Amino acid sequence: MTDNNRDFELEQALRGAFDENVRLSDEASARILANLTAAEAQAQAAGQAQPKAKAEGQAQAQPEAQAQAAAFDQPRMQVIPGAPAPRKKRPAAWKIAVPVAACLLLVAIGVGVGTNLLGSNAGMPVAETEAASEDTMAGSANSYAPDGGLAYETEEAYETFDTLEEGAPMEDFNTEEYAAIEENGFVSTVTRPLSTCSADVDTASYCNLRRMINDGYSLDEIPDGAVRIEEMLNYFHYDSGEPVGNDLFAVRAESARCPWNDQTQLLVMTFTASDKAQTASKGSNLVFLIDISGSMDEPDKLDLLKDSFGTLLENLGPNDRVSIVTYAAGEDVLLEGASGDDTRKIMRALNRLEADGSTNGEAGLEMAYEVAERNYIEGGVNRIVMASDGDLNVGITSESDLYDFVEEKRETGVYLSVLGFGSGNYKDTKMETLADHGNGTYHYIDCVEEAERVLGEDLTANFVPVADDVKLQVEFNPAQVKAYRLIGYENRAMADEDFLNEAADAAEVGAGAQFTVAYELVLADSDYDVADVPDLKYGSGEAAGGSSTDEWLTCSMRYKAVDDDKAVRSQDLVVDADSLTESPSDDWVFASSVIEFGMIASDSEFAEGLDTGDVLDQLDTIRLNDERQGFYDLVEIAW
């Protein structure tokens, strides 16, 4: 058998063994082999630089090694689009068989368990899980390769690898996970006059987006599922006045011509909760549930977490109780029922934390609820504050199981809020599930300043509840509004019949918290064509009962007042042409700019022709405070 035949058969055998474990394309396999071959050639070439005394016994091997190294020292060739990539001559396969086999085995094992074992993750685009639930996510979670393509494939994915520059280290594949979002489209008011959703006061998406942009990611590299426009809107404060009478919420509605479509109107409604809560005066029972697994051993994770909780402690007093539960491979109660003003004792416990081991979130949650129940304050604030990167890999790991777990625990009266930290392996899907179904809020901490905001400035709004199960239902008048599009809130949608169902879970809203809901409206006299509206026998605009009024819509709220034994209350807001203005307020202009930027970042089908320059031009027309100036600067970086 000739050397060429032997090399070919050995290469095919190795490729076959690898493909048995990981389904890669021929092109990707060839690239891996070429990279490994290059590394081997470099190692051999480096050996030639050893002192002469050590090289005498290798004199005969030098010509061959030099030839191999030279084959990979050629300058990179320009690749013409559409043309096949030029193939480089490889050294004899038998000379690299052992290192190649070992490396391929490591890659196969790493892919098999969803983990890359090589290098660092610096500068990698963020990965998006294209699945709506964990049940489907298990078969479709994808990680991104250095070029933004998928690093390995599953049943519904493909793979691609970048060819690395000679001598460059292999990088970790980013394993961040985000739930796929199917953007809301226009809905005919004739066929569906009701729009129902749960309120949302989370802000995590904006801060996570800010982290990505500041880390150098382009908007094209940011996964669409990481962009939730309602959370971007919620990050900022707007003027909506004070609640009236027994109402717990102040509501303001304003509409003007849509900046990205001159044939539609943009309606922005801001809801602000009362900042008066009896529960705040009765003390807080706070359980810090802290992830100290090995993945938290990063400056932007455990170190930042310690600084963040230090901010929270500055706002606690003698009526408050503080406990610390940690989890990694197992769980541990580090501190229980300490007085909130014993800052030194609490900080000593926090500063002793070190990251190591796997992540058994189930055990940690179980223990945290037990501790919270033992220290329960009747009529006060009882809340677990979980801090993690969400990379749960022991015990309960799926969204569906986490959903069931926290829904059951919610009956204890203990709220669960979530603080997200870090990058590279961040699991947004799990963090959002825990907060949404644990009756809590979800925030992402990307810097100390954000910690001071969430745990200091907005502490009451984030941790002291005034209303539970806050739901919205908007009824549109088909005689005045031809179609509507709810912007954001895709994962907060509710069945229309659940609006009156008191057993149906919805959002918890804290004292003084705000949330914003925006609709793009196609008024009856607009020429904008949204879809084919069926000619219904019983459902025309006149038959719907809307022709006798000029009202556009009625927005109804239902919620359970926390300080009133969870009594169910309701509020209504009627919106008509009086909300329409030719000179919108700065609040409206700013909110519309945030929406437009979110549409661009999420590659919205309604953002065609828009760019970040349009957003900056719009922001240039209004006054910006420090908070809003931060958004302007972020858009400018992304531009």
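These numbers were taken from a predicted model, which means no experiment stands behind them.
- A donor-acceptor pair under 3.5 Å links the side-chain atoms of Q514 to the main chain of Y238, judged by distance alone.
- In this structure, a donor-acceptor pair under 3.5 Å is present between the side chains of H237 and E627.
- Ring-plane geometry between Y426 and Y444 is classed as perpendicular, the angle between the planes exceeding 60 degrees on a 0 to 90 degree scale with a lower cut at 30.
- Between E331 and N360, the closest side-chain pair of non-hydrogen atoms is not below 4.5 Å.
- For R352, there are no side chain to side chain donor-acceptor pair (under 3.5 Å) partners, not counting sequence neighbours.
- Put simply, the side chain of S274 gets close to the backbone of K276: a donor and an acceptor are under 3.5 Å apart.
- With no hydrogens or angles considered, no side-chain donor-acceptor pair links T270 and S240 at under 3.5 Å.
- Under the salt bridge (charged side-chain N to carboxylate O under 4.0 Å, His left out) rule, D391 has a single partner from K301, K430, K427, which is K427.
- Between the side chains of D389 and N425, at least one donor-acceptor pair of N or O atoms lies under 3.5 Å.
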task: Report the C-alpha separation of V227 and M212 in whole Å, then their side-chain angles, then the decisive distance to 0.1 Å, and conclude whether the side chain to side chain contact (heavy atoms under 4.5 Å, CB included) test is met.
output: CA-CA 11 Å; V227 183; M212 297 180 201; over 6 Å; no

Residues E450, Y235; criterion side-chain hydrogen bond (donor to acceptor under 3.5 Å, both in side chains); working and verdict: CA-CA 11 Å; E450 185 59 29; Y235 185 83; 2.6 Å; yes

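- Atom CZ of R410 is separated from atom OH of Y369 by 9.0 Å, given to the nearest 0.5 angstrom.
- Salt-bridge check for D202 with R492: passed, with a basic side-chain N closer than 4.0 Å to an acidic carboxylate O.
- Side chain of N234 to backbone of D200: a donor-acceptor contact under 3.5 angstrom is found.
- For the atom pair T433 OG1 and Y403 OH, the distance stands at 9.5 Å (nearest 0.5 Å).
- Here F631 and F590 bring their ring centres to under 6.0 angstrom of each other.
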field: Residue pair Y415, D468: steps toward the side chain to side chain contact (heavy atoms under 4.5 Å, CB included) verdict
entry: CA-CA 11 Å; Y415 295 79; D468 282 343; 2.8 Å; yes

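- Using a 4.5 Å heavy-atom cutoff, the side chains of M269 and T516 are not in contact.
- Under a 3.5 Å cut-off, the side chain of Q571 and the backbone N or O of L248 do form a donor-acceptor pair.
- Ion pairing between a basic and an acidic side chain is recognised when a charged N comes within 4.0 Å of a carboxylate O; R228 and E432 show such pairing.
- Remark: D563 engages no residue in a side chain to side chain donor-acceptor pair (under 3.5 Å) (not counting sequence neighbours).
- Heavy-atom contacts from other residues, nucleotides or ligands closer than 6.0 Å to CD of E408 number 12 or fewer.
- Checked for salt-bridge contact, K409 and E411 miss the test: no charged N lies under 4.0 Å from a carboxylate O.
- Within 6.0 Å of CD in E336 there are more than 12 heavy atoms belonging to other residues, nucleotides or ligands.
- With N351 contributing its side chain and M347 its backbone, the two residues share a donor-acceptor pair below 3.5 Å.
- Atom-to-atom distance recorded for R211:CZ and C447:SG is 12.5 Å, nearest 0.5 angstrom.
- In this structure, the side chain of N625 engages the main chain of R628 through a donor-acceptor pair within 3.5 Å.
- Within the 4.5 Å cutoff, the side chain of I445 has no heavy atoms near those of the L305 side chain.
- Side-chain polar atoms of D572 and S556 form a donor-acceptor pair below 3.5 angstrom.
- Here D565 contributes atom CG and K560 contributes atom NZ; the two are 12.5 Å apart, rounded to the nearest 0.5 Å.
- No side-chain heavy atom of D291 sits less than 4.5 Å from a side-chain heavy atom of F421.
- A donor and an acceptor atom, one from each side chain of S339 and D341, are located under 3.5 Å apart.
- Under the 6.0 Å cut-off for aromatic ring centres, F515 and F271 qualify, their centroids lying closer than that.
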